[in-house]
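So the structure is just underneath, and the comments pick up after that.
Here is the naming used below: chain letters follow the sequence lines, and residue numbers restart at 1 for every chain.
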2 protein chains.
Amino acid sequence: MARRSGSHSEITGPRIRAAALSLFARHGFAAVSMRQIAAEVGVQAGALYLYTTDKEALLVDLLRDHMDTLIRTYDGRALPPDPHERLRDFVRFHIDYNRDHRDEVFLSYMELRNLSPENFQLIEALRRGYEDRLGRILTDGRTEGRFTAPDIRLATMAIIAMLNGVNTWFRDGGRLSLDEISAIYCDMVEKTVAA
Amino acid sequence: MARRSGSHSEITGPRIRAAALSLFARHGFAAVSMRQIAAEVGVQAGALYLYTTDKEALLVDLLRDHMDTLIRTYDGRALPPDPHERLRDFVRFHIDYNRDHRDEVFLSYMELRNLSPENFQLIEALRRGYEDRLGRILTDGRTEGRFTAPDIRLATMAIIAMLNGVNTWFRDGGRLSLDEISAIYCDMVEKTVAA
DNA sequence: GTCTATAGAAAGATAGAC
DNA sequence: GTCTATCTTTCTATAGAC
């Protein structure tokens, strides 16, 4: 059962990140030890420090990569010109993305307080950037008279919170499929800012 | 500066709970040590074990008391008979309660995973009981034809998530007062289930 | 009821062999 | 690149004096 020594940095690095992501999401950053992460990967605790300077850097890397990927994925798609359609598209995208990146999304909302001030600012700015995509949809729609919202920022936060809530209770194989949930949420969100 | 010995259980007990609440909310349950709690209160770590069997019991007590108080407070008020008014009343109550019990609410959504399965079930059942108050408002309103909601449970979760979101970004002295925010959220929530 | 002292386990991180 | 071994710190919890 002894592991062979050798060069595995291209494999071990990602595996460490994957293990850390999964464990942090399940038990919380502070509750997970470096030894646990190492055990999940199948290496010794000391070996982790070949891939990260310390525990917090591991968390920061996960969060920054998540936010970058989220924004790039959203921006890489064609958006419907109609405000209502663009809003529905956002809802569907957000719910689908959350399903496919559940742990990352969960972490990005739960573990910000474990970051140093500088790292907190960094992640917070990225998140704000994503939220602003929704804010722009609402602003444009309101300008065209298609939406009503006394305060765009409030409506943005309300919708984001509503959508993120799905993450906390949705389970595969439940009463409703994610497509059904998505459709119902599209309608609710649309009504929230209905003119 | 030496503290006098003596009987202080009526004072020290609540102070320990208050310190634990504040520290757990700020740094997370797993990240807070018994020594930190003791230092905040001004006693030695060992003294905490006169008031709690262990660290998790401290958390469970805080969460159960919070949920009990929340439900009793809500049930202790007269409710408007009109469904729309009852819904608006719920929104205002929830937002106001969250402002006044910020740490408790935050804890009750963040730290459930640090509980043993039995304790998790206990707190989760209490939370579900509170959510069902909102669910009943929506059901009644729909029965009377005043609300539209394809799925009551989904609408309930969406509204609760939306309202809890306020907790994550609201700061006293910000751009909007909590009364202004509350009024806007009342309208958004009402529209979400508008007939 | 609170203290000091400490047991016993586990944490983050590093050093040096291979 | 990974290992064993270890340093140093910190943790939860308990024992026994006062």
#### Entry: Side chain of B:Ala47 (C-beta onward), nearest among C:dA13, D:dC3, C:dC3
C:dC3
### Shortest side-chain distance from B:Tyr49, nucleotide among D:dA13, C:dT14, C:dG1
D:dA13
Whole Å only: how far is the [atom1] atom of [X] from the [atom2] atom of [N]?
X: B:Arg15; N: C:dT2; atom1: CZ; atom2: C1'; answer: 13 Å
X: B:Gln44; N: D:dA17; atom1: CD; atom2: P; answer: 18 Å
X: A:Asn114; N: C:dG12; atom1: CG; atom2: C1'; answer: 15 Å
X: B:Ile37; N: D:dA13; atom1: CD1; atom2: C1'; answer: 13 Å
X: A:Ile11; N: D:dT2; atom1: CD1; atom2: P; answer: 10 Å
X: A:His27; N: C:dA11; atom1: NE2; atom2: P; answer: 13 Å

### Task
Could you check B:Glu56 against A:Ala45 and say which one's nearest nucleotide on DNA chain D is further toward the 5' end?
A:Ala45
### Query
Is the phosphate of C:dT2, meaning OP1 or OP2, less than 4.0 Å from a side-chain N or O of B:Tyr51?
yes
### side-chain N/O A:Thr12 vs D:dT2 OP1/OP2, d < 4.0 Å
yes
Report, one pair per line, the protein and nucleotides 5-11 of chain D atoms (nitrogen or oxygen only) whose separation is under 3.5 Å.
unit_1: D:dC11; atom_1: OP1; unit_2: B:Ser33; atom_2: OG; d: 3.2

### Query
What distance do B:Leu63 atom CG and B:Phe120 atom CZ have between them, rounded to the nearest 0.5 Å?
11.5 Å
### Sequence-distant partners of B:Asp68, salt bridge (charged side-chain N to carboxylate O under 4.0 Å, His left out), two or more places apart
none
### Task
Return the orientation label for the A:Tyr97 and A:His101 ring planes: parallel under 30°, perpendicular over 60°, tilted otherwise.
parallel
### Query
Only one of A:Leu138, A:Asp140, A:Leu134 clears side-chain contact (heavy atoms from CB on, under 4.5 Å) with A:Arg136; which?
A:Asp140
### Query
Would the B:His94 and B:Tyr130 ring centres measure less than 6.0 Å apart?
yes
### Query
Is the distance between the ring centroids of B:Phe90 and B:Tyr74 under 6.0 Å?
yes
### Message
Less than 4.0 angstrom from a charged side-chain N to a carboxylate O is my criterion; do B:Arg128 and B:Asp132 meet it?
### Response
yes
